[in-house]
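Please read the structure below before turning to the comments.
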There are 2 protein chains.
Amino acid sequence: MTAQRKSRSGRMETLTAWLRPGWFKALGDPNRLAIVARLACAAKPMTVSEVGGCCGVHISGVSRHLALLRAAGVVAAEKIGREVRYRLNLSDLTGALRGLADAIDACEPSELCNPPREGRKK
Amino acid sequence: MTAQRKSRSGRMETLTAWLRPGWFKALGDPNRLAIVARLACAAKPMTVSEVGGCCGVHISGVSRHLALLRAAGVVAAEKIGREVRYRLNLSDLTGALRGLADAIDACEPSELCNPPREGRKK
DNA sequence: TCAATACTTGCATATTTGCGCAAATGTGCT
DNA sequence: AGCACATTTGCGCAAATATGCAAGTATTGA
């Protein structure tokens, strides 16, 4: 059993569980961040076309960005008729941020933190 | 004056101030995350060679990763003799994570969140 | 049924990125 | 000075990524 302890927000966590490259990678693009920002301030879920207005990218690119954010768990999608409404995964997102912060604080100089593997081939 | 309010952690913040692509990009690589994890659990600052053990990458690659993390403000470096000791920017890191979480929570459906520009040309 | 609308996906292209190797730089030691 | 060790940097390559355009798939409405 690895050393863990109650965090500020009352969860148990291990650092590496929060260190997901794909998650950060999803947020590591200016246009995707613009999309996230746009969704964060939206009163309600937005369609792809609506979201598209926030960055000067072709609608197909926006669609791809949203798909990627969805795959990373940053946003959620719901298909309604011929349109798809995207919204920020609010609690997951803030939960991940605070969880990671807590995990870093709670990190003891003993647990060997092994790298998450997910990236390129070599 | 844009709408802001005291956050859970007592700071004032705007969402876009925390949404820095370069920061997420720095953390969006498996090997760099491994490095971060390694440094997080380290009792004291580590040299490049020491850090290198945590991921199967040539030492020059590790050096580059650390330089990138440093440029992003994730780690700090101190040159001591012929070696360079890297450590996690602990408070900055957790502060950014919680600050962003707070900013997202505090985000009102009114402030237009304009995209941070930093990425590729077009 | 037909056309318009909303979104996704295949493809080609340009750019970025991660990597190893070798050379360069910097520092300590004898 | 001469040498070993630590780190950085130039270079080239292969893989990944972002993007636009065009074609494909649904779905709505006339």
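Looking at heavy atoms from C-beta onward, A:L33 lies out of side-chain contact with B:W18 at the 4.5 angstrom threshold.
Side chain B:S49 to base D:dC5: no donor-acceptor pair is found below 3.5 Å.
B:F24 places its CZ atom 15 Å from the P atom of D:dA18, with the value rounded to the nearest Å. When the P atom of C:dT15 is taken as reference, atom CG of A:N31 falls 16 Å away, rounded to whole Å. When rounded to the nearest whole Å, the span between CG of A:L68 and C1' of C:dT9 equals 15 Å. One can place CE of A:M46 at 14 Å from P of C:dA6, the figure rounded to the nearest angstrom. B:L66 has its CG atom 9 Å from the P atom of D:dT7, to the nearest Å. Note: CZ (A:R70) to P (C:dC7) measures 14 Å, nearest angstrom. Between the CD1 atom of B:I59 and the C1' atom of D:dT9 there is a distance of 14 Å, rounded to whole Å. Spacing between atom CZ of B:R32 and atom P of C:dT17 amounts to 9 Å, rounded to whole angstrom units.
The shortest distance between the side-chain N/O atoms of A:S63 and the OP1/OP2 oxygens of C:dT8 is below 4.0 Å. In this structure, B:H58 does not reach the C:dA22 phosphate: none of its side-chain N or O atoms is under 4.0 Å from OP1 or OP2. Close to D:dA16, at under 4.0 Å from its OP1 or OP2, lies no side-chain N or O of A:K25. Considering only side-chain N and O atoms, A:R64 lies nowhere under 4.0 angstrom from the phosphate OP1 or OP2 of C:dC7.
Across C:dT8, C:dG20, D:dA18, the shortest atom-to-atom separation from the side chain of B:V57 is found for C:dG20.
A donor-acceptor pair under 3.5 Å is absent between the side-chain atoms of A:R32 and the main chain of A:H65, judged by distance alone. The backbone N or O of B:E50 lies less than 3.5 Å from a partner atom in the side chain of B:T47, making a donor-acceptor pair. Side chain of B:T94 to backbone of B:L90: a donor-acceptor contact under 3.5 angstrom is found. Using a distance-only test at 3.5 Å, with no hydrogens or angles considered, a donor-acceptor pair links the side chain of A:N89 to the main chain of A:G73.
Only A:R82, A:E83, A:V84, A:Y86, listed by number, bring a heavy atom of residues 75-86 of chain A to less than 4.0 angstrom from any atom of DNA chain C.
Summarising the geometry of B:L39 relative to B:V51, their closest heavy-atom pair is CD2-CG2, 3.9 Å, with the distance given to 0.1 Å.
The pair A:R98-A:D105 does not count as a salt bridge, with every side-chain nitrogen at least 4.0 angstrom from each carboxylate oxygen.
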